[in-house]
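Note on naming: letters A, B, ... go to the chains in the order of the sequence lines (proteins, then strands), and numbering restarts at 1 for each one.
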Protein chains: 2
Amino acid sequence: MTERPLLPLLEDATPERRDAARNREALLVAAQALIDSCGIDGLTMDAVAAKAGVGKGTVFRRFGSREGLMAAVLDFSETEWQAAVISGPPPLGPGAPAMERLLAFGRSRLERNLMLADLIRAAGWSGPRGFAVYSFVAMHTRYLMSELHVTGDIAVLATALLAPLEVPVLDQQVRIEGMEIDRIMEGWEDLAHRITQR
Amino acid sequence: MTERPLLPLLEDATPERRDAARNREALLVAAQALIDSCGIDGLTMDAVAAKAGVGKGTVFRRFGSREGLMAAVLDFSETEWQAAVISGPPPLGPGAPAMERLLAFGRSRLERNLMLADLIRAAGWSGPRGFAVYSFVAMHTRYLMSELHVTGDIAVLATALLAPLEVPVLDQQVRIEGMEIDRIMEGWEDLAHRITQR
DNA sequence: AGTGAAAACGGACCGTGGTCCGTTTTTATT
DNA sequence: AATAAAAACGGACCACGGTCCGTTTTCACT
């Protein structure tokens, strides 16, 4: 749990003080434990502080806000996932044809976003962390699209291809309309073909 | 400000008591005034209650939550917009070819979502109101797509076409990446052509 | 080891969203 | 008009996110 995020856009120049590092570690462990036992909604900042054995001020000094704490918890699995895309086995990782990689990418992202929906929602879609996450996903999609020789405004088309995989949209389809996941995935593959063809 | 929402899926069987109706009216007026003067973030439920001259409990009895109140405020402009789509002048309203209507629809929705972004964000994307709004937009999109003889899973493709117009996605593009609105719109038109062609 | 400045800590404190329940208003009925 | 049940009201109250500032810890430098 001490690994640093992939793609460290701006690494801190000065390292953390020892007590700070120890407390961050304890807070993340406490937060994960509380999420497991009480669920996301049942987690309070006071409880996290108490469980980690630190004052509440420390939690906010480290993570800025509740959203920030959630984003930090989410960061573990995100980093892992990004590693699988960058250097894992094909077809998600490198080695497969671009179209296969794209389809594997979409399926994997969709499954992940559904599995972590509560946490992603609680982490908010703003802030620097959210930006970094989006940047990675968008960059990879644009790369695959350029490999497929897609014509047009690739940045915008990539966004359009990614948007249906985001949690608010999936929530609408799955939770409210009760749509099957396989059907959503098939629809997304169709979309991928339509956007990349020509 | 007393009109009822379009497409009243479930109209209340029993009408409101007179004091209840009067208070709702006063609360909506107060909320709108506070939004205009303090902005969405500066609006507090206590302030709305005070300005409307009622107790705080009444606000929550009427609207359930802050999100609910915001959704109710939003409902005015949403109703107006839906009316323009259903019975306004072409190309947004009926009378133009389906493809022109679709493009006008996308542009209009995009502009609206950007203009009301703060309010839409504060209203939340869940709850029955959000569902009703989404239902209308999705239904209309599916209708236009069927007019265009689009093949495939129309419900899923309509969602894919609408997703890039949603506030979280637009936020990312406009606010964070600083993308121009015209560019986003051109990209969306391209997307509409790719999804509907074949 | 001693020292001073910078960084981090802790928990009392505050504002706001949301609840609860005793009181008041409305409305249907006679 | 009187009455009673139902609905709505109001504001004290609570919980939680977030802030503030006096105290403690760390660390670089001597």
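- Taking a cutoff of 4.0 Å between a charged side-chain nitrogen and a carboxylate oxygen, D19(A) and R22(A) do not qualify as a salt bridge.
- Judged by distance alone, with hydrogens and angles left aside, the side-chain atoms of R109(A) form no donor-acceptor pair with the main-chain N or O of L162(A) at under 3.5 Å.
- As a whole-Å value, the separation of N23(A) CG from dG10(C) C1' is 11 Å.
- The closest donor-acceptor contact from the side chain of D153(A) to the backbone of G187(B) lies at 3.5 Å or more, if one exists at all.
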Provide a list of protein-nucleic acid N or O atom pairs under 3.5 angstrom, restricted to nucleotides 2-5 of chain C.
none

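- Side-chain atoms of R61(B) do not come within 3.5 Å of backbone N or O of A20(B) as any donor-acceptor pair.
- The two atoms that bring P164(B) and L170(B) nearest to each other are O-CD2, 3.5 Å, heavy atoms only.
- A perpendicular orientation is assigned to the rings of W125(A) and W125(B), their planes being inclined by more than 60° (bins at 30° and 60°).
- If you take CZ of R24(B) and P of dC9(D), they are 10 Å apart, rounded to a whole angstrom.
- What separates CZ of F63(B) from P of dT19(C) is a distance of 16 Å, to the nearest Å.
- The separation between L27(B) atom CG and dA8(D) atom C1' is 13 Å, rounded to whole Å.
- With DNA chain C read from its 5' end, the first of the two nearest nucleotides for V54(A) and F60(B) is the one closest to V54(A).
- Using the six-membered ring where Trp is involved, H140(A) and F136(A) have ring planes that are parallel, under 30° apart on the 30 and 60° scheme.
- As rounded to whole Å, 13 Å separates atom C1' of dG18(C) from atom CG of L69(B).
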List every contact pair, protein side and nucleotides 13-16 of chain D side both N or O, where the distance is under 3.5 Å.
none

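- R142(A) places no side-chain N or O within donor-acceptor distance of the main-chain N or O of A155(A), the cut-off being under 3.5 Å.
- Counting to the nearest Å, the P atom of dC21(D) and the CZ atom of R61(A) are 14 Å from each other.
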Please enumerate all protein N or O atoms sitting under 3.5 Å from an N or O of nucleotides 22-26 of chain D, with distances to 0.1 Å.
unit_1: dT25(D); atom_1: O2; unit_2: R17(A); atom_2: NH1; d: 3.3
unit_1: dT25(D); atom_1: O2; unit_2: R17(A); atom_2: NH2; d: 2.9
unit_1: dT26(D); atom_1: OP1; unit_2: R22(A); atom_2: NH2; d: 3.2
unit_1: dT26(D); atom_1: O4'; unit_2: R17(A); atom_2: NH2; d: 3.4

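- Remark: P of dG17(D) and CG of D41(A) are 11 Å apart, rounded to the nearest angstrom.
- Remark: side-chain polar atoms of R101(B) are paired, donor with acceptor, to backbone N or O of V85(B) under 3.5 angstrom.
- Here the side chain of S108(A) pairs no donor or acceptor atom with the backbone of F105(A) at under 3.5 angstrom.
- In terms of modelled atom types and a separation under 3.5 Å, the side chain of W188(A) and the main chain of L103(A) share no donor-acceptor contact.
- Regarding contacts with the backbone of dA8(C), every side-chain N or O of T58(A) stays at 4.0 angstrom or more from both OP1 and OP2.
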